[in-house]
Every structure is written in C-alpha cells, then in structure tokens.
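First the structure, in the form of structure tokens, and then the observations on it.
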Protein chains: 2
Amino acid sequence: MESEKIHELLKEKIIWLDLMPESLLNLSEMAKSFGVSRTPIKEVLIILQGEGWLLRQGSHFMVTPLSLERIRETTEIRSIMEVQGNIWAMYRITPEELAALGELEKEILQLDDMASNRQMIELDVKFHRRLFQGTKNSQLAQLLEQLLSHYLRFWLSIPREINPKSFFAETLEIIRAIKAKDEARLRAAGAAHIKKSVDEIMSTF
Amino acid sequence: MESEKIHELLKEKIIWLDLMPESLLNLSEMAKSFGVSRTPIKEVLIILQGEGWLLRQGSHFMVTPLSLERIRETTEIRSIMEVQGNIWAMYRITPEELAALGELEKEILQLDDMASNRQMIELDVKFHRRLFQGTKNSQLAQLLEQLLSHYLRFWLSIPREINPKSFFAETLEIIRAIKAKDEARLRAAGAAHIKKSVDEIMSTF
DNA sequence: TTAATTCATTGTGCATACAATATAAATAGA
DNA sequence: TCTATTTATATTGTATGCACAATGAATTAA
C-alpha cells in the first residue's frame, strides 16, 4: 500500500475515532500491518503531525487529545473564515460548480430517515468541500477543510442522534442564499451555521 | 546539528532567498553539509513541505516557486484574519504583553536611518509575533505567522529601499489603536496595513 | 547533420542493520 | 513488604546498502 493511501486511511481512522485520542502509535506494528518498512510509515506520521492529527509524546507519536480549548480556537477561526469564504464563493463560483452544488442539494433533500449518520455526514463534508473550492482560493479551501475535519472529530466524540431536517437546515440555507446572490442572507446563514456548531459542542459541557 | 535547528535554518534560508525559489535540493549533499545522514534531513524536508516551503518535483524536493496567484491567496486570507486577530488581541492581551509591545514600539521609534533593512524587518516580525500571541488563539497565531513569513519571502524578492518612517507607519498606528481600545480605529489601521501590502506587491507587476 | 537509441551516471525510495534510549522486569537489600 | 538498583526488553533514532527510476551523454543509424 502506498504512502498516500496510508495517509488518507490513517486520517480517516483518527477522524472517525477508530484510532482513539491519546493513543500511542507503534511504528513497527503499523509497518507490519501495512506490509512496508518503518521508513515510509514514519514519513506519513510526520505529515499527520503537521496537520495536527498527531503530536510527539516523548519519542512516540500520539493521537492528538480532544481538547475544549483547541476546538474553541478552531471554531473561532472557522467563524471568521467560513463566513468570508462563503461570500467569496458566492461571487466566484462557476455555473458548473453551482450546478454541482445543486445536485448535492437534491441528494440531501432526497435523504430518507433510514439514512445512516455516516452517510449524512459524508454528504455534508462533500458539500462543504465543493463550496470551499468555489472560493477560488486553494489555500483557504485546504485550511477550511482541515478545520472542518478537526471539528468533525470532536463532534463525533459526542454520541447523538441526527435528524436530517435539522442537520442540513443551515447548509441548505447557505446554498439558497448563494443561488439568490444575497450577501446579507448568506452572511446570516453562515453565522447561524457556526453558531449551531458552537452551541452543539458547548451544550455538552 | 539537531533536526529542529536544521528546520529553522532551512526555513530562514528559504525566506531570505538564500535558497532560491525553484531550486532543487540534493539530499546526500545536505546530509553531508549538516554532518548527519539522509534520514533526518528528509524528515525535515517533509515538514517544510507541509509548511508550504517546499514541494515535490518528481522525486525531488523543490523550493516553492514565487507565484503571484499564491501570494494573492495568502494576502486574501491575511486581510480577513489579521484584522480580526488584531481585534481579538485588543480585547484579550494581558497588561504584561501590552507593556512588551510598548517596548517594541520604543525600539521602533529609536531606529536611526542607519538601521539595516534586515534589522527593521526582524523587528517588524517580532512585533507581529507578539501581537499574534495576544489573540489567545495559538492556532491562529501560528497560522498568521506562517502567512506573514510567506508574504515576507515574496516581499524580499523585490529589491527596494526601506524608509523606517513609512515602513512602520501602519504598525505603529495598530498598537496605538490597541492601547486606545478603539475598535473602529484598529479595524481601519489593520485594513490599511494589508492594503499597503497588496499595493506594494501589485505595483511591481 | 540530425534523430534515435543505448549506456552510464546520479539520486531517490525503501528496507534493514545498528546505536541510543526509554520502559518494564527482576533481584537484592532494608 | 517495600524500595532501590540493576538487568533485560522493547521501541525509536540514525546510518547505510541496494534496487530502481530519471537524467543526460555518447554512440550509432538514418
């Protein structure tokens, strides 16, 4: 299995709490399980460290702990950049991209109550990723996606039931505001979106 | 020489154009020059890649090219985050931190015309770093510092004379607005600061 | 002379061997 | 029994060897 695949796989495992926060990683063990040597594994772990998923605990790599302070910081940055990102996306998104977003909107509306949490979440992530692309700022898109993933891991750590209608409410409002090219409405929708994020997390502490 | 030092040294070399954009790096050669093996060197290069200083060109590492598009993206993000960062810093900075900023302000005012460009720039970076700490958002601080460094490399690539008075004008206005706890004034100063950045770069193309 | 092909050179990716260090276990003394 | 010290073990850090890929030079054919 090549490096890039291992990187993606491990990131997913961390986000979905398949690798628990604060667990310590064993290089040789991982190398064996992926059928490669320690060298490329370590390189992947260094990258994951740079992305904030791992940190050094002595000479070992540790899955970054869930910390309220960290998620406060993440959300604070998101609250500014995502709102502005939406606005840039509104003005810069191409008709093709907008059409693709419309398709996703349809998919969301067609979700039945039987949809799994994972399905819904992955659809939401996909939606946001497309939206971020629309900003025409690749660095911002990358940043926002990373912040969203970190938020997601935190969010997943709190067991909950998802109601599709409520889960996608702000997301749908955002795409409608973009379609309507209504900046004030978009700004409000974006702010509401983040506020809900904060409330959901803070209400559990 | 240990890893961390090598990392800092190479980053400085890249920022100050001692390692030119688009140059290809030779692992064995670097290993020899630092008196270590290729393994730790490669780990450092992977980290630098994650920070945006290097990218992969085939199987080689290349110093990231200077690109107008990239610096446009960087500046766009800065224009939002730095203004908001200043505001958070204004409300959250501790009296000790504010005093330290005051000291830097003094240092700036005492600069004579004989000061080297490098001295002035390093003082400016130091000032911004302290200001970013004041946001009480370590992730934001780290991000802003990185964006500033990337901007700096670009800025340094255009030969120019620096006039201390003009170079520090906006910076000084920012600290005064913070001392005065005047949000409107701070917002204006921050915006002017970024606008000057953009103008300086765009005027050369 | 030009184009194409071969061959040599150079440099990296990955694996592995070895050294250093941290961790855990075991033993001896109080 | 508890503690301290030593010993053993596990795990990472670093160096290096080898295979392969990319690059460019040289040689050959058109």
Side-chain angles (χ1 to χ4, degrees), chain A residues 1-15 17-67 70 142 146 153, chain B residues 1-67 70 142 153:
Chain A
M1 198 180 222
E2 81 264 41
S3 252
E4 184 52 35
K5 283 264 176 260
I6 295 174
H7 173 244
E8 281 309 311
L9 188 73
L10 288 178
K11 195 169 82 180
E12 286 300 302
K13 272 179 182 281
I14 294 170
I15 294 173
L17 302 168
D18 200 2
L19 274 170
M20 288 298 284
E22 300 181 47
S23 39
L24 294 170
L25 306 182
N26 183 314
L27 272 180
S28 317
E29 196 180 291
M30 298 180 82
K32 203 156 84 178
S33 81
F34 285 115
V36 294
S37 77
R38 280 166 26 197
T39 312
I41 295 292
K42 181 146 186 225
E43 294 182 357
V44 167
L45 298 193
I46 289 172
I47 294 169
L48 287 168
Q49 179 183 12
E51 294 169 342
W53 298 114
L54 300 178
L55 49 81
R56 296 280 179 119
Q57 181 75 334
S59 64
H60 293 254
F61 286 91
M62 181 175 92
V63 177
T64 306
L66 289 176
S67 126
R70 249 188 91 80
Q142 195 188 330
Q146 196 171 300
R153 180 176 73 129
Chain B
M1 200 179 220
E2 82 266 40
S3 254
E4 183 52 33
K5 283 263 174 265
I6 295 175
H7 173 246
E8 282 307 312
L9 188 73
L10 288 178
K11 196 169 82 180
E12 287 300 302
K13 271 179 182 281
I14 294 170
I15 293 172
W16 289 88
L17 302 167
D18 200 2
L19 274 169
M20 287 299 282
E22 299 181 48
S23 39
L24 294 169
L25 306 183
N26 183 314
L27 272 180
S28 317
E29 194 181 291
M30 297 180 85
K32 203 156 83 178
S33 81
F34 286 114
V36 294
S37 77
R38 282 158 23 208
T39 312
I41 295 292
K42 182 149 184 220
E43 294 183 355
V44 167
L45 298 192
I46 289 172
I47 293 170
L48 287 168
Q49 179 183 12
E51 295 170 340
W53 298 113
L54 302 177
L55 50 81
R56 294 283 178 114
Q57 182 76 333
S59 64
H60 294 252
F61 286 90
M62 181 175 93
V63 178
T64 307
L66 289 177
S67 129
R70 248 187 92 79
Q142 194 189 331
R153 180 175 73 128

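Each chain gets a letter, A, B and so on, in the order its sequence line appears, and its residues count up from 1. Hydrogens, waters and symmetry mates play no part in the numbers below; they use all other heavy atoms, side chains included.
- You'll find the side chain of Trp53(B) stays beyond 4.5 Å of the side chain of Leu19(B), heavy atoms only.
- The interatomic distance linking Met30(B) (CE) with dG11(C) (P) rounds to 14 Å, in whole Å.
- Mapping Pro40(A) and Glu29(B) onto DNA chain C by nearest heavy atom places Glu29(B) closer to the 5' end of the strand.
- Look at CD1 on Ile41(B): it is 14 Å from P on dG13(C), rounded to the nearest Å.
- In this structure, Met62(A) atom CE and dT11(D) atom P are separated by 18 Å, rounded to whole Å.
- Rounded to an integer number of Å, the gap from CG of Leu24(A) to P of dA10(D) is 17 Å.
- Both Glu43(B) and Arg38(B) lie near DNA chain D, and the one whose nearest nucleotide falls closer to the 5' end is Glu43(B).
- The phosphate of dG13(D) (OP1 or OP2) has a side-chain N or O of Lys42(A) nearer than 4.0 angstrom.
- Ile46(B) is listed as a side-chain neighbour of Phe61(B), based on a closest heavy-atom distance under 4.5 Å.
- Put simply, CG on Leu27(A) is 16 Å from P on dA10(D), counting in whole angstrom units.
- The interatomic distance linking Leu45(A) (CG) with dG13(D) (P) rounds to 10 Å, in whole Å.
- In this structure, His60(A) atom NE2 and dA10(D) atom P are separated by 13 Å, rounded to whole Å.
- In this structure the side chain of Thr64(A) reaches within 4.5 angstrom of the side chain of Arg153(A), judged on heavy atoms.
- The shortest distance between the side-chain N/O atoms of Ser37(A) and the OP1/OP2 oxygens of dA15(C) is below 4.0 Å.
- For dT16(C), the OP1/OP2 oxygens have no side-chain nitrogen or oxygen of Thr39(A) closer than 4.0 Å.
- Distance CD (Gln57(A)) to P (dT11(D)): 16 Å, rounded to an integer number of Å.
- Contact between Ile47(B) and His7(B) at its shortest, heavy atoms only, is CG2-NE2, 3.7 Å.
- At least one side-chain nitrogen or oxygen of Arg56(A) sits closer than 4.0 Å to the OP1 or OP2 atom of dG13(D).
- One finds no salt bridge joining Glu51(B) and Lys11(B) here, because no Lys/Arg side-chain nitrogen approaches an Asp/Glu carboxylate oxygen to under 4.0 Å.
- Nearest to the side-chain atoms of Asn26(A) among the listed nucleotides dA15(C), dG13(D), dT11(D) stands dT11(D).
- In this structure, Leu25(A) reaches the sugar-phosphate backbone alone: every heavy-atom distance under 4.0 Å involves primed, P, OP1 or OP2 atoms, never a base.
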